[in-house]
Amino acid sequence: MEWTPPTFWRPIRHLPVVMGVGIGLQPEESAMNATTVAVDLAKSIFQLAVADDQWRLTESHRLTRKQFEAWFANRNVSLVIMEACGSAHHWARWLTSLGIEVRLLPAAYVRAYVRRNKTDAADARALLEAARASDIEPVRVKSVEQQALQGLHRIRALWMATRTARINALRGFCREFGLVIPVGARTGIEAISRVLADPASAVPTLIRESMKLLVEEIRLLEARIARLEKELSSLARHSDACTRLLTIPGIGLITATAMVAATGGSVAHFKDARHFASWFGLTPKEFSSGSTRTLGHISKRGDRYLRMLLTHGARACLRAAALAAKADRALDPLRQWAVTLSARTHHNKAACALANKLARICYGVLRDATRYGDPQPRLARKIERTSWPVAA
């Protein structure tokens, strides 16, 4: 009697492979099931990883910019996944106009899903894996107005950095010639201008004219910054979210407009106030294991620009509160808490804690659409539900 090998011993007949499509799938079937597309963005080359409704990779394409724009015309795509990087919000808006759902994922979280070598194809496949993780929150797509407002802030930051560099250079030149310039940007520029206008000063004639050009450049940058801030002030007056944020202590024009540009004036996509503060990197970094819980310094993750603005605003608020406390003036609960905390711990720790609290207050103001100091709607509803009827 002839022995017949078991089924798992028999050689497997290989299914036909369609180039660029996958194992056992015809091109028409693959295009029909291609519901998800992961895109690794670049300036001129776009890498695509196409998956079916079972998240199985079926196609891989490397397209130019024109090919990428024409690729979605003949495809039935329901979801596009991209990293939240440069030009991602532009492509997200364009794909949304075509009726396609777009999901932007944080690039730092996608990196963990890249296996072995980093390539464009590997990055696109990693996007498919990261999109299936339920604990990765997608980035909200920004509107054109939000990105334009953020662009104004970036331009102002560049001009401020250039102005600071020019002032520091002038200070260094004066110090080399034995001249001491007082502290402060405005005071320093005025002192340097007087030195350069004095023919008997120690500044050599060879460099005097070039230093005057630097002073003129600083004056020009200050005029441009003032014009841009005037434009931001006009925008803030027409924004309800900005006007509400400006009622919070330590929140000024720059911080209010930057926060509206980053959030769109809505915080509905944040879980709670703590998650909103952690988005700025103002919550402690945690090192915990088992029953031991250790909280370190602030994480400094997230939006560095807004974290800087909130911290500077907290320092200004804390200093004003300390001066008011020395003058025996009455303080509101927020400032009183900040002064008490500063007396109990280090000044920098108190400033970071106050910045964290300011971020949480901003969350409450944007969530409830109220001004700072007004009765909170949620608290009022809770009191109304728990109040007892008064007998006549």
Side-chain angles (χ1 to χ4, degrees), residues 41 82-90 104-112 136-143 145-165 168 185 221 225 228-229 232 236 241-242 245 248 250-267 269-287 295-318 346-363 366:
L41 295 173
M82 297 182 292
E83 287 185 350
C85 57
S87 74
H89 294 275
H90 161 71
L104 300 181
L105 302 181
Y109 296 163
V110 178
R111 182 66 183 88
I136 297 181
E137 292 292 335
V139 178
R140 205 174 191 184
V141 179
K142 290 184 174 63
S143 63
E145 292 76 13
Q146 283 182 258
Q147 290 197 294
L149 186 54
Q150 279 190 327
L152 290 179
H153 279 270
R154 300 297 182 265
I155 294 172
R156 180 184 178 276
L158 288 174
W159 283 345
M160 291 292 292
T162 305
R163 171 177 173 268
T164 302
N168 290 340
L221 289 173
I225 293 170
L228 192 148
E229 290 178 352
L232 290 177
C242 284
L245 289 173
I248 304 174
I251 303 297
L253 172 66
I254 305 300
T255 308
T257 52
M259 189 168 295
V260 170
T263 62
S266 173
V267 292
H269 52 293
F270 291 97
K271 182 179 178 181
D272 52 27
R274 188 185 186 281
H275 283 76
F276 187 67
S278 66
W279 187 55
F280 301 114
L282 290 170
T283 51
K285 185 181 292 186
E286 187 171 357
F287 303 88
L295 298 179
H297 52 73
I298 59 174
S299 65
K300 295 184 180 179
R301 298 167 182 165
D303 197 321
R304 179 171 58 181
Y305 180 70
L306 270 170
R307 181 174 64 252
M308 178 265 295
L309 293 177
L310 287 170
T311 305
H312 287 343
R315 290 183 185 277
C317 184
L318 184 59
H346 194 269
H347 176 78
N348 290 336
K349 290 185 177 180
C352 289
L354 181 57
N356 187 321
K357 189 172 285 290
L358 289 179
R360 295 174 182 237
I361 293 174
C362 291
Y363 174 85
L366 293 175

- Item | Nearest heavy-atom neighbours spanning Q146 and V141 | OE1-O, 4.5 Å
- Might you confirm whether atom CZ of R304 has over 12 heavy atoms from other residues, nucleotides or ligands at distances under 6.0 Å? no
- R163: partners by side chain to side chain donor-acceptor pair (under 3.5 Å), with sequence neighbours left out: E222
- salt bridge (charged side-chain N to carboxylate O under 4.0 Å, His left out) involving R140 - partner list, sequence neighbours excluded: none
- Query: R315: what forms a salt bridge (charged side-chain N to carboxylate O under 4.0 Å, His left out) with it, not counting sequence neighbours?
  - Reply: none
- Query: Taking the inter-plane angle between the rings of F276 and Y363 on a 0 to 90° scale, is it parallel (under 30°), tilted (30 to 60°) or perpendicular (over 60°)?
  - Reply: tilted
- Find out whether K142 and Q150 are in side-chain contact, i.e. whether some heavy atom of one side chain is under 4.5 Å from a heavy atom of the other. yes
- Query: Listed by chain and number, what are the side chain to side chain contact (heavy atoms under 4.5 Å, CB included) partners of L295, not counting sequence neighbours?
  - Reply: P284, E286, R293
- Please report the shortest heavy-atom distance between A258 and L309, naming the atom on each side. CB-CD1, 3.9 Å
- Under a 4.5 Å cut-off applied to non-hydrogen side-chain atoms, are E83 and L105 in contact? no
- Note on the structure: Heavy-atom nearest pair, C352 first then I298, reads SG-CD1, 4.1 Å
- Query: Is there a side-chain contact between S266 and L366, using heavy atoms and a 4.5 Å cut-off?
  - Reply: no
- Tell me, yes or no, whether the heavy-atom count around Y305 atom OH, taken from other residues, nucleotides or ligands under 6.0 Å, exceeds 12. yes
- Item | Donor-acceptor pair, side chain of R307 and main chain of F280, under 3.5 angstrom | yes
- Query: Looking at residues at least two apart in the chain, or sitting in another chain, which of them share a side chain to side chain contact (heavy atoms under 4.5 Å, CB included) with E229?
  - Reply: R156, I225, I254
- Item | Polar side-chain atom of T255 near backbone of I251 as donor-acceptor pair, under 3.5 Å | no
- Task: Sorted by first residue and then second, give each side chain to side chain donor-acceptor pair (under 3.5 Å) pair with at least one member in residues 271-285; sequence neighbours left out.
- Result: D272-H275
- Message: Are C242 and T257 packed together at the side-chain level, in the sense that at least one heavy-atom pair is separated by less than 4.5 angstrom?
- Response: yes
